[in-house]
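Below is one structure, written out as structure tokens, with a few remarks after it.
What you are looking at is a predicted structure, and each value in this text was computed from that prediction instead of being measured. Residue numbers begin at 1 in each chain, while the letters A, B, ... track the order of the sequences.
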2 protein chains.
Amino acid sequence: MAQYSAEVDGVFVALADPTRRSVIRRLGRGPTSVGELAADFPITLPSFMKHVRTLESNGLIRTVKVGRVRTCVLNRDRLALVDDWLAEQRRTWEDRTDRLESLVTEPMEES
Amino acid sequence: MAQYSAEVDGVFVALADPTRRSVIRRLGRGPTSVGELAADFPITLPSFMKHVRTLESNGLIRTVKVGRVRTCVLNRDRLALVDDWLAEQRRTWEDRTDRLESLVTEPMEES
DNA sequence: CCGATAGTTAGCGCAAGGGCTAACTATCGC
DNA sequence: GCGATAGTTAGCCCTTGCGCTAACTATCGG
């Protein structure tokens, strides 16, 4: 039961927000300043910064401030945790026969 | 900007909770009744049911009630959305050179 | 039919999440 | 040095999420 990994949890929590997922996508194209990133979203800078902090504190991005500009960089390694999690799922369900599945495969009316 | 897919969003939101991820893992081993699932967690049944509903309404599991027992089944297809999302990330960042990355690769002191 | 079992419904409490404004700090450019 | 630019801090609001109890419904078993 359980197997609570705070790391994995943090990553999933960070990815649960569409704004943050968009930031990740954007950063896939290369490092970008906070201001430039924020311009894509209809929220205020302070609100946006919270997302940046969340992403950073969960390890999905790194940021560096040079002068007055903070630049964000994607941390791909961390996304791999999601991959690992998915892989583990697959491993689990490949280990078993699917006989029982058929019992409920055809969707019936909800009670 | 954006590309808001409610489906993808729902899946990530559902996966953001450790209890729900554990349920997914468990269901990887085969269909299981609500009661049996709930026994693994230190929360009350009604609380647990909310997680089940969340998983179901986001398409990660299906459930069928037979007599007084509700049985849950994993819906693997839905997990594939996560896979797709990750694949898209990789596609994006494979399309570019990594020159800029080095600028910030060595962690500096936080401001 | 009656008690036990398996979920369900209703409603409540509280902490966290995501948004905002206002006001402040720290460069940069000239 | 001064104004504009780029973040940052502080504090507030409101909704949502996740947990709980209490009480109810609906099988199942005998």
Item to complete: Give a yes/no on whether any side-chain N or O of A/T44 is located under 4.0 angstrom from OP1 or OP2 of C/dG19.
Response: no
Discussion item. Using OP1 and OP2 only, check whether a side-chain N or O of B/S47 sits under 4.0 Å from D/dC20.
Written reply: yes
Worksheet item: With a non-hydrogen cut-off below 4.0 angstrom, is B/T54 in contact with a base, only sugar-phosphate, or nothing?
Response: nothing
Item to complete: Just call it for A/I43: base, sugar-phosphate, or nothing, with non-hydrogen atoms closer than 4.0 Å on any strand.
Response: sugar-phosphate
Discussion item. Let me confirm one number: the CZ-CZ distance from A/R62 to A/R78, rounded to the nearest 0.5 Å.
Written reply: 11.5 Å
Worksheet item: Using the C1' atoms of five pairs at each end, what's the angle between the two axes of the helix from C/dC1-D/dG30 to C/dC30-D/dG1, to 10 degrees?
Response: 40°
Worksheet, complete the sentence: When B/L79, B/D77, B/V73 are each screened for side chain to side chain contact (heavy atoms under 4.5 Å, CB included) with B/N75, the one that passes is B/D77
Quick one: are [X] and [Y] in side-chain contact, heavy atoms under 4.5 Å?
X	Y	value
A/L37	A/L27	yes
B/T32	B/C72	no
A/V34	A/L45	yes

Fill in: 5'-most by nearest nucleotide on DNA chain C - B/V69 or A/A16
B/V69
Tell me: [atom1] of [X] to [atom2] of [N], nearest whole Å?
X	N	atom1	atom2	answer
A/R70	C/dT27	CZ	P	12 Å
B/F41	D/dC20	CZ	C1'	18 Å
A/D9	C/dG17	CG	P	11 Å
A/M49	C/dC20	CE	C1'	16 Å
A/K50	C/dG19	NZ	C1'	7 Å

Item to complete: Examine A/L60 and A/L86 and state if one hydrophobic cluster contains both, with Ile, Leu, Val, Met, Phe, Trp and Tyr joined whenever side-chain heavy atoms are less than 4.5 Å apart.
Response: yes
Worksheet item: Would a hydrophobic clustering, with Ile, Leu, Val, Met, Phe, Trp and Tyr connected at side-chain separations under 4.5 Å, put A/V13 with A/L55?
Response: no
Please list each protein N or O that sits under 3.5 Å from an N or O in nucleotides 26-30 of chain D, with the distance.
from   : atom 1 : to    : atom 2 : distance (Å)
D/dT27 : O2     : B/R68 : NH1    : 3.0
D/dC28 : O4'    : B/R68 : NE     : 3.4
D/dC28 : O4'    : B/R68 : NH2    : 3.1

Taking only nitrogen or oxygen atoms into account, show me every contact under 3.5 Å that the protein makes with nucleotides 13-17 of chain D, one pair per line with its distance.
none

Response to the item:
Sorted by position of nearest nucleotide on DNA chain D, 5' first, the leading residue of B/H51 and A/L45 is A/L45
Item to complete: Sequence neighbours left out, what passes side-chain hydrogen bond (donor to acceptor under 3.5 Å, both in side chains) with A/D83? Give chain and number order.
Response: B/R90
Fill in: Where at least one partner belongs to residues 43-67 of chain A, residue pairs that pass ring pair (Phe, Tyr, Trp, His ring centres under 6.0 Å), sequence neighbours excluded
A/F41-A/F48
Worksheet item: Would B/R91 and B/E88 pass as an ion pair if we require N to O under 4.0 Å?
Response: no
Worksheet item: Which pairs, with at least one residue in residues 12-24 of chain A and sequence neighbours excluded, count as a salt bridge (Lys or Arg N to Asp or Glu O under 4.0 Å)?
Response: A/R21-B/D9
